[in-house]
Structures are given as C-alpha cells and as structure tokens.
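Working notes, structure below.
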Amino acid sequence: MSSSAPHLDPSSTQSAANFTGLSQIRLPVWNYDLAETLISGQAFRWKLSEARTDSEPCPRPSNRSPVGRIRPGEPFDALGIRPSRLAGDRLALPSGPWEGVIDRHWVRLSATEHAILAETAQPASSVSWIENYLQSRVDLETILATFPDDEPMRAAVKACFGLRILRQDPWECLASFILSSTKQIIQIRQIVSLLCERFGEPVAVPPGHSPAHSFPSAQRLCACPEAELRACKMGFRAAYLKGAADMVASSAIDLSKLSAREIGEARESLLRLPGVGRKIADCVLLFAYGFPKAFPIDVWVMKALRKLYFRGRQIPLRRLQRFSEEHFGPFGGYAQQYLFHYMRRRKRGSL
DNA sequence: TGCCAGGCGCACA
DNA sequence: TGTGCGCATGGC
C-alpha cells in the first residue's frame, strides 16, 4: 500500500462566484512553488493563462532567494517559460496564472505568498479534489529531511525548493506517460492537448474563454481507430495507447485497486500493459498513486546518478535501481523529481 | 542538417 | 542478463 506523505493542517476556504463569474478556492500553503511544480514534467496539461498579467515573477517560497524581475515584452519559449535569468540560484519563472483541467474542472491557479488561489468556472461541491491534486497540505520540510545529506541532493533542493509531487488521475497519468516515450516534454504537451481537444468532453469555461476539454476516457480511446490516434502526432505510441485503453476499458486491469496494493504488486500489474515498462510504471506509481518509493529512471536521471554518484561510469540500469532504492530513503520518488528537474535546468542553462 | 527526446518490445548473443 | 535496433515526430 502507498504510504501517505506527512501533512500540515491548514484549512482551505471556498467563496461563491465573484464579479468575474468565477468561484474561488484559497488553499493555504507553505514552501510550495507552484511554477516549479507545474512545469517539472510530471503533468502535461498546464499552460499560462489567457488572462496573465505578464509583469511579476511568480511568488516563491519565502525562505529562499528572491528571483529577478521579468521585463515586460520578453518572449516566452515554447513551454511558456521566459528565457532564464537568474537571481541567486533561482530561475525567473512566469507569474502565471496557470490554466488546466483537473478531472472535469477547468481551473486557473495563481500563487500568492502563502496560498494558492484556484478559480473555477463553476462552484465546486468541495475543495478536497484540488487539495488532493496539488498535495497542498503535504509537509514538504519533513519530506526533504529524509533526503540523503550529500552534495547532489543539497544542490537539487536548493535549486528547486518548493517543488511538489502532484496526485494525478491514474488513467490520465498512465496514458500521458505511454505517450512520453522518446518525446520531449513540449511535444508530449502538444500530443496530450490534441488528444483532449479531439476526444475529450467539453468542460465549463469562463465566458469568452477558448474551449477546454477533459482527458478522454479509456472507453473513448479504445473505440478510436488507431489512425485517428496517430493523427494526434503520437506515431508508434498509438498502438500502445490503444492497447492499454482496451485493457483498462475491458477491466483486464482495474486501475482503481492498485493504490491498495504493495508497490511491487502494483508495478507488476502496470507492466502487463502494452507500452509500459519499468520507467513508465514507476511514473504512474509516483505521480498518480503516490507511492513515495517509486523511482522512475529515465535518461536524465540515469545521467544524473552516473555523473553525481558514480563518477560518470557506465553503471547498468539494474544496479542504479538497487542504488536508488537504498540511497534515497522513504521519499525517494520526491528525491528523483528534484534530481530530474535539476538536471534539466542545468542542461537548459538555467542553472 | 543532424542530434536527441521523462522508452518499449523484440531478437540475438 | 545485456546489447542493439526499429519505431514517428518535431524541437533545437
């Protein structure tokens, strides 16, 4: 069974529709970096809001270095991120707000000093769904305290402080990572966007806003001809996605029951799906089910482990997996995401 | 223009 | 058990 992360106990509040016509939910947070979390390659549906104001950097956890001010008019790159300019060890990130769809809720997220403001097009019956997705009540410092006290981890935490692991819908997470194989994150976002646009259900958006769609169900995708999936630019991954959708829709695998299993059993179940190997299975275990020991090793993490812990030697993947299980502690999955994001930042020249 | 990307499945040694 | 290759596509 997946062990739960340590939790704080602030209370979230919800207010009725305001003059903008949007309902607002205020989530108290501490040490939460919304921008780092949403762009770190664990979810693929977040983009900068159509209503962004464009002038201030995103508020960052207050016990770390402030970031540099962004100059109006600087272009955004393909991911919606401005060319990086550093203040101290932190990247200047766009202010948001960010827009995305969680289940069937269109959501706009903004960060303030000690809260995340979530705006929805329709009043929500509760706040638990968004607290759960954002993991806003998780006590990050307790998790970080379990990381190994070595130089690579200290550097990664310093650079990405406030990054959280989201808790995504299992099918959306699984399907998205099946599509991630040998694709850049920007391309995965494009494929997922096309998939939702063509096969998802429309969701309520603010007046005048462009349409938004839910992530298509397994039932919907298994009914699609493979050629229509390929038309979403996913190439050979279309057969994998369709095969996995078939198994989920036919109940050959019950995604709703994996969270109650031991991590090894849950992983074995996921590995039965076409297009799912150890890496993708661990992504789903970590990002959808919250198994804190799941440690996806992709090309970035493999390079990081070899370079930072084995002096660049060509250590076999199996040995790296054993090393990761032993070295990174009970929240190894969190440590992995910090290393992954840190390495990508360094590669992009933003660190 | 060529390299590479949050891999996987398969054949082969 | 490990290695090499093919698979589509597009960003950089």
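Here is the naming used below: chain letters follow the sequence lines, and residue numbers restart at 1 for every chain. Hydrogens, waters and symmetry mates play no part in the numbers below; they use all other heavy atoms, side chains included.
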Tell me the interatomic distance from [X], atom [atom1], to [N], atom [atom2], rounded to whole angstroms.
X	N	atom1	atom2	answer
A:Gln190	C:dA8	CD	P	19 Å
A:Leu317	C:dG2	CG	P	9 Å
A:Arg319	C:dT1	CZ	P	16 Å
A:Leu241	C:dC7	CG	C1'	16 Å
A:Leu194	C:dT9	CG	P	13 Å
A:Leu229	C:dT9	CG	P	13 Å
A:Gln314	C:dG2	CD	C1'	13 Å
A:Leu320	C:dG2	CG	P	11 Å

message = Regarding A:Glu99 and A:Lys47, does a basic nitrogen lie under 4.0 Å from an acidic carboxylate oxygen?
response = no
task = Mind running ring pair (Phe, Tyr, Trp, His ring centres under 6.0 Å) on A:Phe44 and A:Phe177 for me, showing each step along the way?
result = CA-CA 10 Å; A:Phe44 306 103; A:Phe177 277 97; 5.2 Å; yes
inquiry  = Using modelled atom types and a 3.5 Å cut-off, is there a donor and acceptor pairing between side-chain atoms of A:Ser193 and backbone atoms of A:Arg189?
reply    = no
request  = Pick base, sugar-phosphate or nothing for A:Arg230, based on heavy-atom distances below 4.0 Å to the nucleic acid.
outcome  = sugar-phosphate
When you compare [N] with [M], how far apart are their [atom1] atoms, in angstrom units rounded to a whole number?
N	M	atom1	answer
B:dC3	C:dG6	P	15 Å
C:dG4	B:dC4	P	16 Å
C:dG10	B:dC8	P	22 Å
C:dG2	B:dG6	C1'	23 Å

remark   = The complete set of salt bridge (charged side-chain N to carboxylate O under 4.0 Å, His left out) pairs with one or both residues in residues 318-328 of chain A, sequence neighbours excluded, reads A:Arg278-A:Glu325
ask   = Going by atom types alone, do A:Glu50 and A:Ser210 pair a side-chain donor with an acceptor below 3.5 Å?
value = yes
key: OP1 or OP2 of C:dG2 under 4.0 Å from side-chain N/O of A:Arg318   = yes
inquiry  = So, OP1 or OP2 of B:dA5: does either fall under 4.0 Å of a side-chain N or O from A:Lys303?
reply    = yes
inquiry  = Protein within reach of the bases, or only the backbone? For nucleotides 6-13 of chain B, mark each nucleotide 5' to 3' as B, S or -, using heavy atoms under 4.0 Å.
reply    = BBBS----
query = Considering only heavy atoms from C-beta outward, does the side chain of A:Leu320 approach that of A:Phe310 to under 4.5 Å?
reply = yes
key: Nearest heavy-atom neighbours spanning A:Ile178 and A:Gly275   = CG1-O, 4.3 Å
ask   = Can you find a donor-acceptor pair, distance only, under 3.5 Å between A:Gln187 side chain and C:dG10 base?
value = yes
